[in-house]
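Everything numeric here is computed off the predicted structure, so don't read it as measured data. Proteins get letters first, then strands, A, B, ... in listed order; numbering begins at 1 in each.
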Protein chains: 2
Amino acid sequence: MWIPIQIDEKSAEPLYHQIETQLRSLIISGNLAEGTLLPSIREFAGDLKCSVITVRRVYQDLEGEGLLRTRQGTGTFVSHVGDGAREEYRRETVRKALEAAVDAGLSVHFGREELEELFREIVKHKYGEEDKKEE
Amino acid sequence: MWIPIQIDEKSAEPLYHQIETQLRSLIISGNLAEGTLLPSIREFAGDLKCSVITVRRVYQDLEGEGLLRTRQGTGTFVSHVGDGAREEYRRETVRKALEAAVDAGLSVHFGREELEELFREIVKHKYGEEDKKEE
DNA sequence: CTTACTGTATATATCTATATAAACAGTATA
DNA sequence: TATACTGTTTATATAGATATATACAGTAAG
């Protein structure tokens with residue numbers, strides 16, 4: 001089983017975090033179906049050129065989030081993420097980041113209009129210039 | 001000179017960071033006027049019950065951001081923050097946080113509408129329920 | 001020029017995050 | 001039940017963040 005993970009050696013972002021973020025995204029997005037048996041920690045560590053402990057940590061963290069299930073001696077599987085749970089997870093991830101951003105705005109006394117305008121500008125830039133009617 | 005800084009001993013947020021955030025806010029908001037002589041690092045350390053090194057770090061960081069000026073032997077002053085620079089600073093602070101939030105949205109495949117709706121919800125909650133017409 | 005205040009530099013202590021190796025324990029199957 | 005895979009535990013190493021004391025250096029005023 002091959003999992004497409006890209007490691008940036010030069011990044012300040014910790015190794016385990018790079019792996020975790022990308023693997024989480026693959027699961028959340030449905031690119032890794034429920035029940036998929038992931039590579040063993042040793043095999044994955046070989047692919048990623050890191051220690052088994054680092055892979056283990058990633059599996060453990062994602063298991064803590066309910067995205068993986070692990071059975072000693074058997075392996076680690078993508079667990080069933082119900083639509084409800086998936087939505088909840090996606091929403092909470094984004095909500096936290098948005099709340100931090102709004103708090104940042106409040107902390108430097110950004111007005112509501114000012115904040116909304118900057119938000120629209122960034123969304124336009126990152127989501128593309130297309131008119132929203134396309135959705 | 002007395003500077004109103006509240007330290008939360010129990011917080012996981014580092015001491016220097018708590019001080020830095022609050023002092024920065026006082027400067028950006030204009031509560032500390034240009035030219036104001038801040039307490040010496042020893043006096044401030046005494047008030048805050050921390051070491052002079054910690055206060056020194058705060059002064060040094062904020063000097064790096066252009067918010068303070070320091071002269072050895074004399075003291076540390078609130079520097080002139082031109083309206084332009086102040087706006088630039090405020091804007092960049094919030095922009096970074098908003099960009100991180102939008103990136104978080106993209107990473108879990110939030111649609112544009114979905115993201116905007118959640119943003120509006122959070123803004124409404126944090127800025128209050130009042131109709132925007134009040135501004 | 002001494003004194004009493006400023007900030008500065010150096011050396012160090014402690015804690016946490018990150019990452020590892022090696023020994024241990026469960027599981028499946030030939 | 002031997003073996004060849006799984007994950008797990010323990011002990012450790014390293015780097016960076018946080019915080020400190022102490023000695024050093026600049027400034028201003030009596």
Rounded off to whole Å, could you give me the CG-to-P distance for the B:Leu62 and C:dG7 pair?
14 Å
Going by side chain to side chain contact (heavy atoms under 4.5 Å, CB included), B:Ile3 matches just one of B:Asn31, B:Leu38, B:Ile19. Which one?
B:Leu38
Rounded to whole Å, please give me the gap between CD1 in A:Ile41 and P in C:dG26.
15 Å
With sequence neighbours left out, the residues meeting side chain to side chain contact (heavy atoms under 4.5 Å, CB included) with B:Ala104 are A:Ala97
Grouping ILVMFWY residues whenever side-chain heavy atoms fall under 4.5 Å, the cluster of A:Trp2 otherwise contains none
Tell me the interatomic distance from B:Tyr59, atom OH, to C:dT6, atom C1', rounded to whole angstroms.
11 Å
Can you name the residues that form a side-chain hydrogen bond (donor to acceptor under 3.5 Å, both in side chains) with B:Lys126, not counting sequence neighbours?
A:Asp103
What is the distance, rounded to the nearest whole Å, between atom CG of A:Leu37 and atom C1' of C:dT27?
13 Å
At under 4.0 Å between heavy atoms, how does the protein contact nucleotides 18-30 of chain D? Give one character per nucleotide, 5' to 3', with B, S or -.
SSBBBB-BBSS--
Using the C1' atoms of five pairs at each end, what's the angle between the two axes of the helix from C:dC1-D:dG30 to C:dA30-D:dT1, to 10 degrees?
10°
Quick check on D:dC5: is either OP1 or OP2 less than 4.0 Å from any side-chain nitrogen or oxygen of A:Ser40?
no
Using OP1 and OP2 only, check whether a side-chain N or O of A:Thr70 sits under 4.0 Å from D:dG7.
no
Would you check if the side chain of B:Thr21 reaches a backbone N or O of B:His17 as a donor-acceptor pair within less than 3.5 Å?
yes
Pairs under 3.5 angstrom only: tabulate donor-acceptor contacts from the side chains of residues 57-69 of chain B to other protein residues two or more places apart or in another chain.
residue, atom, partner, partner atom, Å
B:Arg57, NH2, B:Tyr16, OH, 3.4
B:Tyr59, OH, B:Pro39, O, 2.7
B:Glu63, OE2, B:Thr70, N, 3.3
B:Glu65, OE1, B:Arg24, NE, 2.9
B:Glu65, OE1, B:Tyr89, OH, 3.1
B:Glu65, OE2, B:Arg24, NH2, 2.9

If only atom types and distance count, is the side chain of B:Ser29 paired as donor or acceptor with the main-chain N or O of B:Leu26 below 3.5 Å?
yes
So which of B:Arg95, B:Arg90, B:Arg91 actually passes salt bridge (charged side-chain N to carboxylate O under 4.0 Å, His left out) with A:Glu114?
B:Arg90
D:dT9 phosphate, OP1 or OP2, under 4.0 Å from A:Arg56 side-chain N/O
yes
For the residue pair B:Thr36 and B:Leu32, what are the closest heavy atoms and their distance?
OG1-C, 4.1 Å
A:Ile7 CD1 to C:dA19 C1', straight-line distance once rounded to whole Å:
13 Å
